[in-house]
Amino acid sequence: MLDQKLIRENPKLVEEILSLRGKDFNISHINKLTIQKKEIDIEISSLQSESKKLSKLIGQEIRNSNNPNTQELNELKNRGNRYRIKISEFEDKKRILDKQIHDEISRLPNFPSKDAPVGQSEGDNIQIKVWGDPLKKENLKTHWEIGEDLNLFDSVKSTKISKSRFITLTGNGARLERALINFMLDIHSKNGYLELMPPALVNSESLQGSGQLPKFSSESFKCDNDDLWLSPTAEVPLTAYHKNEIIDIKLLPLKYVAYSPCFRREAGSYGKDTKGLIRLHQFNKVELYWFCEPNNSLEAHLEITADAEKILQKLNLPYRLVDICTGDLGFSSSRTFDLEVWLPSNKCYREISSCSNCLDFQARRSSIRTKVNKSTSFIHTLNGSGLAIGRTMAAILENGQQSDGSVKIPDVLVPYYGSNLIKNT
RNA sequence: GGAGAGGUGGCUGAGUGGUUGAAAGCGGCUCCCUGCUAAGGAGUUACAGGAGGUAACUUUUGUCGAGGGUUCGAAUCCCUCCCUCUCCGCCA
């Protein structure tokens, strides 16, 4: 949520900054509504003030007189009644306006950071760092070929259970998934993050709070009979964890790591990545999340990104760091660094982590504040995958593949996986 | 799922229609006293939004789980929803 005051007082600036996202946003009609609402507010406020005084007067009269049914008293009550009717008319109008304004503002994305590269789309993202040597050989197998050869997962059977874009991990595949989750959680926990395991089903308010609603309802799965959705990312429950709180500034930053299954409808991606582990309706992810002081989020952003990178480095997976351009930024983010892992079968880098600084955007929506010098201010939130598990497995399979068909397990993972090689069993 | 109880300020807890934004206690903060980790005294102690002032501030409205309703007037009555607790049922 953007600052309503800023929208009201400087609409041109707001439109200008938002236009960096490559689309035009019209603020002026929001402000027209706001002005209307304000006028009504003032009206209501003064009517209420008078009506309140009148009520007190009536109360006094009743206590002072022994006959509570005099004509004067009835006159006063009638006057009060007229106030009531008038106030409720104005309140009805106000309610409608309030809802409209709130809905409109909720659909405005966050401001892109001044530091984010200006651009229209993915093609304008800027590579700022490359780590490791990308494996470049001919005749390398894709991870789904490896998975099939080594019996690590089964997508055909999964369509019987659910539908396409679901996967069942089998045997060593399931074991590797579990090893990766434990490995990542351990590293981050040792690094100062508090581990949480939040609910996978979240309510509408939580999705609204982190920015998935109202605009992106078609991206998530909804439970029919309840106000509950399957969480698309742990970012949602983690933001909601401190919803409506004022957090003592001494406790900041709060750093959380959470493993969670993630559910996404992937609407509009038909035909893309139909094979393997890259794009599924359900996948596992270890998520990093910070609540920090407003002044510290720029450094925090670098830190959270570095913490995610650490996992790739320990796993010895080649990757690059990309600065996402203004036109490609997610709805809630002001600046995003993507980590992209090398997939040798495709000869390209694929997103495996997205580290975003949302500034006060989510905190405003979720009402998460801290106290600075007696006045409250919204805190800043940051999130980063550390990492997406399925895509990590894909990268390990492809980058670790041996000429004999086996896959080498990264050294750090051996204690978790229990072997240094995945062989056909 | 069935039956019952309940949701009040940072916490405990009063309050069943009229100066109650809310007693009292605890805690927090400020000051006073006290020659010293005690005791006592005084004051202060929520959030959001208007309006006015450069400003410390003044004033006003709303908020007692949420949203509606009744009433001149609601924490207090009615309805819906959410949540918590107890018992029963079911269950990993």
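A, B, ... follow the sequence lines: proteins, then strands. Residue 1 opens every chain.
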Once you apply a heavy-atom cut-off of 4.0 Å, does [X] come out as touching a base, just sugar-phosphate, or nothing?
| X | answer |
| --- | --- |
| A:N81 | sugar-phosphate |
| A:R364 | nothing |
| A:I58 | base |

Query raised in the report: Between A:D154 and A:T168, is a side-chain hydrogen bond (donor to acceptor under 3.5 Å, both in side chains) present by the stated rule, with each step listed?
Result: CA-CA 5 Å; A:D154 194 315; A:T168 304; over 6 Å; no

Could you work out the separation of [N] and [M] based on their [atom1] atoms and round it to a whole Å?
| N | M | atom1 | answer |
| --- | --- | --- | --- |
| B:A75 | B:G15 | C1' | 8 Å |
| B:G27 | B:U12 | C1' | 10 Å |
| B:U16 | B:G6 | C1' | 15 Å |
| B:A14 | B:A55 | C1' | 41 Å |
| B:G1 | B:U60 | P | 48 Å |
| B:C33 | B:G43 | C1' | 15 Å |
| B:G10 | B:G28 | P | 16 Å |
| B:G4 | B:G89 | C1' | 15 Å |

Can you tell me how far [atom2] of [N] sits from [atom1] of [X], to the nearest Å?
| X | N | atom1 | atom2 | value |
| --- | --- | --- | --- | --- |
| A:L47 | B:G73 | CG | C1' | 16 Å |
| A:K77 | B:G17 | NZ | P | 16 Å |
| A:N244 | B:C83 | CG | C1' | 14 Å |
| A:D226 | B:C81 | CG | P | 14 Å |
| A:F378 | B:A48 | CZ | C1' | 10 Å |
| A:I42 | B:A51 | CD1 | P | 5 Å |
| A:L97 | B:G49 | CG | C1' | 16 Å |
| A:I62 | B:U71 | CD1 | P | 15 Å |

Using 4.0 Å as the upper bound for N to carboxylate O, is an ion pair formed by [Y] and [X]?
| X | Y | value |
| --- | --- | --- |
| A:K243 | A:E205 | yes |
| A:R165 | A:E266 | no |
| A:D411 | A:K314 | no |
| A:D103 | A:R107 | yes |
| A:D41 | A:K38 | no |
| A:D98 | A:R95 | no |

Query raised in the report: Under 6.0 Å between the ring centres of A:H188 and A:Y259?
Result: no

**Report entry** RNA chain B: 5'-proximal contact among A:R79 and A:R369 (nearest heavy atom)
**Finding:** A:R369

**Report entry** Of A:K5 and A:K56, the one whose closest RNA chain B nucleotide lies more 5'
**Finding:** A:K56

Query raised in the report: Between A:R175 and A:Y417, is NZ or CZ placed under 6.0 angstrom from the six-membered ring centre and within 45° of the ring axis?
Result: yes

Query - Summary of protein contacts for nucleotides 52-69 of chain B, nucleotide by nucleotide, where a base hit scores B, a sugar-phosphate-only hit scores S (4.0 Å, heavy atoms) - result: --------SSS-----S-

Query raised in the report: Mind checking what makes side-chain hydrogen bond (donor to acceptor under 3.5 Å, both in side chains) contact with A:E104, not counting sequence neighbours?
Result: A:H29

Report summary line: Pairing string of RNA chain B (Watson-Crick or G-U wobble, both atom distances under 3.5 Å; | = paired to other strand) is ((((((((.[[[..)..(.....]]]((((((.......))))))(((((((....))))))).[[[[[..)....]]]]])))))))....

